[in-house]
Amino acid sequence: MVENRRQRMQALLAADGAVRSASAVSLACERCVRELSVSGAGATVLSTMPNGNGNGSSPSRGLVHATNHVSAGLEDLQLTVGEGPCLDAFASGGPVLIADLAAATARWPAFTPAACELGAAAVFSFPLQIGVVRLGSLDLYRDTPGPLTRVELADALILSDLATQGVVADLDGHRTEDVSWLADPYAQVHQATGMVQVQLRSTTDVALMRLRAYAFTRNVPLADVARQVVERTLRFTDTEDGQ
């Protein structure tokens, strides 16, 4: 039965691709909205950025596709606050299924209230992975609380696998650890983090934390703050942030 559902999804994506030119990842996101009881879907490719202190790395992300502004906002919010279902799915390698987001404040104290304000009432994230190699996540949201049904969950897992194949196809000719070519909306975040690190004479972790805090407290996208830093209209100091 699972194989039949997979064949059905493959046929639907092929038909979608014949109608309009789009990446397999984009088509998979759009098909999630059509097939599952969700309000929107987004896909991200994740990489790791060295934290500068020799103790590991932190995830960085580029949005591949979002079906609406809420999905795009949820992805940006997770990058800004550094927590959320996308990061948990990437870290664990398993689905993160939250049927009632309002009840998840203890798990994600920064992400949850802001995500609810954006319009998300339930979130579901699935890792994009091949074996133990994780490439990103497929992230779904619903504007009303409630779990996915068993059939919907099975279809979501199939679509996340097909989206993974799309990412692999797009990675042809690129190193899997270098996803900056897929991450145009957030490419400046890396550059800005390095600039702030120099300005503060700090670690990469501290620089990224200051960028995130500035964006979060002013309710602006992290990518916009990064652009201001790169354009040198915003500079960080040890004591305050100023223009």
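Here the CD atom belonging to Gln165 is positioned 11.5 Å from the CG atom belonging to Leu135, to the nearest 0.5 angstrom. Note that CZ of Phe236 and CD of Gln199 are 7.5 Å apart. Values are rounded to the nearest 0.5 Å. Expressed to the nearest 0.5 Å, how far CZ of Phe216 lies from CG of Leu222 amounts to 12.5 Å. In this structure, CG in Asn219 is found 7.0 Å from CD in Glu117, a value given to the nearest 0.5 Å. The SG atom of Cys32 sits 11.0 Å away from the CD1 atom of Ile158 when rounded to the nearest 0.5 Å. Going from atom OG1 of Thr149 over to atom CG of Asp155 covers 8.0 Å, rounded to the nearest 0.5 Å.
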Could you walk me through whether Ser137 and Thr44 pass the side chain to side chain donor-acceptor pair (under 3.5 Å) test, one step at a time?
CA-CA 6 Å; Ser137 68; Thr44 59; 3.2 Å; yes

Quick one, Arg6 with Asp161, criterion side chain to side chain contact (heavy atoms under 4.5 Å, CB included). Give me CA distance, side-chain angles, the key distance, then yes/no.
CA-CA 10 Å; Arg6 182 182 180 86; Asp161 186 51; 2.7 Å; yes

Carefully, step by step, assess Arg210 and Gln197 under the rule side chain to side chain contact (heavy atoms under 4.5 Å, CB included).
CA-CA 10 Å; Arg210 290 286 293 275; Gln197 182 179 356; over 6 Å; no

Could you walk me through whether Asp139 and Val123 pass the side chain to side chain contact (heavy atoms under 4.5 Å, CB included) check?
CA-CA 7 Å; Asp139 308 311; Val123 291; over 6 Å; no

Apply the test side chain to side chain donor-acceptor pair (under 3.5 Å) to residues Ser37 and Glu152: give CA-CA distance (whole Å), side-chain angles for both, the deciding distance (0.1 Å), then the verdict.
CA-CA 8 Å; Ser37 56; Glu152 289 169 342; 3.0 Å; yes

Between Asp143 and Val38, does the side chain to side chain contact (heavy atoms under 4.5 Å, CB included) criterion hold? Intermediate values first, please.
CA-CA 8 Å; Asp143 57 15; Val38 297; over 6 Å; no

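Side chain of Arg142 to backbone of Gly146: a donor-acceptor contact under 3.5 angstrom is found. Not one N or O on the side chain of Arg107 forms a donor-acceptor pair closer than 3.5 Å with the backbone of Pro85. A side-chain donor-acceptor contact under 3.5 Å links Thr233 to the backbone of Gln228. At distances below 3.5 Å, at least one donor-acceptor pair connects side-chain atoms of Thr112 with backbone N or O atoms of Ala104. Judged by distance alone, the side chain of Ser26 and the main-chain N or O of Ala22 form no donor-acceptor pair under 3.5 Å. Ser71 places no side-chain N or O within 3.5 Å of a backbone atom of Thr67 that could act as its donor or acceptor partner.
The two atoms that bring Ser39 and Asn68 nearest to each other are O-ND2, 3.2 Å, heavy atoms only. When every heavy atom of Ala215 is checked against every heavy atom of Thr80, the shortest pair comes out as CB-CG2, 3.8 Å. Smallest separation of non-hydrogen atoms from Leu140 and Ala41: CD2-CB, 3.5 Å. Heavy-atom minimum distance, Asp16 versus Arg34: OD2-NH1, 3.7 Å. The two residues Ala121 and Pro145 have their closest heavy-atom pair at CB-N, 3.6 Å. Taking every heavy atom of both residues into account, Ala156 and Leu138 meet most closely at O-CD2, 4.3 Å.
Residues satisfying the side-chain hydrogen bond (donor to acceptor under 3.5 Å, both in side chains) test with Ser160, not counting sequence neighbours, are none. Residues passing the salt bridge (Lys or Arg N to Asp or Glu O under 4.0 Å) test with Glu35 are Arg8, Arg31, sequence neighbours excluded. With sequence neighbours excluded, the residues that form a side-chain hydrogen bond (donor to acceptor under 3.5 Å, both in side chains) with Arg227 are Asp224. For the side-chain contact (heavy atoms from CB on, under 4.5 Å) test, residues two or more places apart in sequence or in another chain that qualify with Val230 are Gln188, Gln191, Ala192, Met195. Residues meeting the side-chain hydrogen bond (donor to acceptor under 3.5 Å, both in side chains) test with Arg150, sequence neighbours left out: none.
Cluster membership for Leu200 and Leu234, using ILVMFWY side-chain heavy atoms within less than 4.5 angstrom, is shared. Placement of Val198 and Tyr214 in two distinct hydrophobic clusters is found when ILVMFWY residues are connected by side-chain heavy-atom separations under 4.5 Å, directly or transitively. Ile130 and Leu128 end up in the same hydrophobic cluster when Ile, Leu, Val, Met, Phe, Trp and Tyr side chains are linked at under 4.5 Å.
At least one side-chain heavy atom of Glu83 sits less than 4.5 Å from a side-chain heavy atom of Pro109. Between Val151 and Arg5, some side-chain heavy-atom pair lies under the 4.5 Å cut-off.
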Side chains of residues 89-101: which donor-acceptor partners sit under 3.5 Å, not counting sequence neighbours?
residue	atom	partner	partner atom	Å
Ser92	OG	Asp88	O	2.9
Ser92	OG	Gly94	N	3.2
Ser92	OG	Gly94	O	3.4
Asp100	OD1	Ala102	N	3.4

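If you look at Phe124 and Tyr141, their ring centroids are not closer than 6.0 Å.
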